[in-house]
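Fair warning: this is a prediction, and the values are worked out from it, not measured in the lab. In this chain, numbering begins with 1 at the start of the sequence shown.
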Amino acid sequence: MLKQKLKKLIISFVFSFSTLVFAENFRIAKLFTVNVSEDSDFTKTEVLSLNDSVAIFLPDSMEYIDGLEVRFEIPEEIALQKSCCEFSIYDSVQPAPKSDQIDYSGNRIFRGVIPGKLSWIVQIPFSQNNNLKSNLYTTKIGQIPDLKENYLFIKLRQLLPVLPPELEDSRITVTIKPILSNKGKLNIKLICPDDNLESCAIYIDDYAYNMNTINNGILLDSGIHSISVISEYYRTEVRKIRIDQAKQTDISITMKSIEPTLLVIAPGGVKIYIDDEVCHTIGKEFIISEGKHKLRFSVGDYEVIRSFNVIKGKSYKANIAIDFQIQEE
């Protein structure tokens with residue numbers, strides 16, 4: 001028992017020690033803040049000296065954000081003076097960044113020297129499953145940041161003890177923008193005559209979704225999607241919908257009864273009979289029973305009769321028009 005307790009104590013000590021190893025105290029000169037949004041056109045640019053920092057605050061909802069892109073526009077005098085400045089990224093920073101705070105503690109997840117280039121991009125992925133890649137001008141960091149605080153901290157620091165005169169007034173332009181996933185959100189509102197939503201099966205691109213998922217919204221790839229709503233109590237409804245990147249699309253679908261309907265359109269003065277009964281509902285859809293029916297209309301001594309077969313789940317329209325022709329001979 002004593003050995004087990006001692007083993008647990010050692011494990012706890014090692015874990016605590018390893019946590020402290022990654023924690024780092026640092027001081028900054030000047031702090032800029034950026035509040036990122038999920039808007040597809042969002043960018044924020046700040047101009048930093050070689051010892052300035054930026055606190056990046058993330059939105060509460062990040063359904064569409066796969067990461068962050070930090071672009072550096074480097075003046076020629078800094079690019080020529082290699083290894084004069086470094087760039088670091090921190091997460092789990094305490095206390096929360098604010099303009100009058102200069103001393104912080106946090107976990108440094110990336111450090112790199114500002115390269116001898118006029119442009120450099122650093123990409124920060126937010127999940128392991130990402131399609132970001134490093135290349136000649138882009139560096140993807142390998143560690144996924146801890147976002148429980150909902151903000152990140154980036155810091156510049158000069159590496160030279162004394163800056164040459166040509167670098168004293170140099171500034172690096174930093175542009176921050178979200179890396180958006182190629183997805184958008186679809187919200188479907190179903191309206192049923194008797195609120196029998198449980199009877200409806202919803203398919204998007206032939207994939208079935210339950211009502212709980214529908215109520216919370218569905219993330220879909222941007223582009224055109226087909227929606228089908230099927231029920232034994234209602235008519236099948238089919239829609240085409242376009243999903244835009246990082247945007248929400250709302251659609252309302254009203255379910256219709258499977259009872260067949262008839263719409264009769266006729267000019268005034270025309271007498272309408274259905275199965276020899278006078279039809280008083282003109283210009284408005286009404287329910288008609290299944291099976292064979294006879295439609296008769298008359299104007300004076302002129303009469304026309306048509307027979308038709310009514311099937312469940314179908315709608316019918318009888319458009320009665322009176323016309324005449326004038327011919328010259």
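For the residue pair Thr43 / Thr175, no side-chain donor-acceptor distance below 3.5 Å is found, with atom types taken as modelled. Side-chain N/O atoms of Asn130 and Ser127 include no donor and acceptor closer than 3.5 Å.
Side chains of Asp205 and Ser226 form a contact here, defined as non-hydrogen atoms less than 4.5 Å apart. Taking 4.5 Å as the limit, every side-chain heavy atom of Ser222 sits out of range of all side-chain heavy atoms of Lys247. Side-chain atoms of Arg296 and Asp276, non-hydrogen and from C-beta on, do get closer than 4.5 Å to each other. For the pair Val70 and Val54, the minimum side-chain heavy-atom distance is 4.5 Å or more. Between Pro59 and Ile65 the shortest side-chain heavy-atom distance falls below 4.5 Å. In this structure the side chain of Pro178 never reaches within 4.5 angstrom of the side chain of Glu38, judged on heavy atoms.
Heavy atoms from other residues, nucleotides or ligands lying under 6.0 Å from CG of Asn216 number more than 12. Atom NZ of Lys117 sits in a crowded spot, with more than 12 heavy atoms from other residues, nucleotides or ligands closer than 6.0 Å. Atom CZ of Phe57 has more than 12 neighbouring heavy atoms from other residues, nucleotides or ligands inside a 6.0 Å radius. Dense packing is recorded around CG of Asn319, with more than 12 heavy atoms of other residues, nucleotides or ligands lying under 6.0 Å away. At most 12 heavy atoms of other shown residues, nucleotides or ligands fall within 6.0 angstrom of atom OH in Tyr137. With a 6.0 Å radius and a threshold of 12 heavy atoms from other residues, nucleotides or ligands, Tyr233 has its OH atom at or below the threshold. Within 6.0 Å of atom CG in Asp100, more than 12 heavy atoms from other residues, nucleotides or ligands are found, so the atom counts as buried in its surroundings.
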- Message: Let's go through Tyr151 and Phe153 carefully: what are the C-alpha distance in whole Å and the side-chain angles of both, what is the deciding distance for ring pair (Phe, Tyr, Trp, His ring centres under 6.0 Å) to 0.1 Å, and is it a yes or a no?
- Response: CA-CA 7 Å; Tyr151 57 79; Phe153 205 101; 8.2 Å; no
- Can you check ring pair (Phe, Tyr, Trp, His ring centres under 6.0 Å) on Phe87 and Phe72, steps first, answer last? CA-CA 10 Å; Phe87 165 72; Phe72 297 87; 4.7 Å; yes
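Put simply, the side chain of Asp39 never gets that close to the backbone of Phe42: no donor and acceptor are under 3.5 Å apart. Although no hydrogens or angles enter the test, the distance criterion places a donor-acceptor pair under 3.5 Å between the side chain of Asn51 and the main chain of Gln158. Asn150 contributes a side-chain N or O that, together with a main-chain N or O of Leu58, makes up a donor-acceptor pair within less than 3.5 Å. Gln123 contributes no side-chain N or O that, together with a main-chain N or O of Gly67, makes up a donor-acceptor pair within less than 3.5 Å.
The distance between the ring centers of Tyr104 and Tyr90 does not fall below 6.0 angstrom.
Ion pairing between Asp250 and Lys189 fails under the 4.0 Å rule for side-chain N and carboxylate O. A salt bridge does not link Lys294 to Asp275: none of the charged side-chain nitrogens sits closer than 4.0 Å to a carboxylate oxygen.
A pairwise comparison of heavy atoms in Asp146 and Asp91 identifies N-OD2, 2.7 Å as the closest pair. Of all non-hydrogen atoms in Ile172 and Pro75, the two that sit nearest each other are CG1-CD, 4.2 Å.
To the nearest 0.5 angstrom, Ile154 atom CD1 is 7.0 Å from Leu48 atom CG. One finds the CZ atom of Phe32 at 9.5 Å from the NZ atom of Lys44 (value rounded to the nearest 0.5 Å). Lys140 contributes atom NZ, which lies 6.0 Å from atom CG of Leu132 (distance to the nearest 0.5 angstrom). Expressed to the nearest 0.5 Å, how far CG of Asn210 lies from SG of Cys200 amounts to 13.0 Å. In this structure, CG in Asp169 is found 10.5 Å from CG in Leu50, a value given to the nearest 0.5 Å. Between Leu159 atom CG and Gln81 atom CD the span is 10.5 Å, to the nearest 0.5 Å.
Exactly one residue among Arg235, Lys256, Glu259 makes a side-chain hydrogen bond (donor to acceptor under 3.5 Å, both in side chains) with Ser315. That residue is Arg235.
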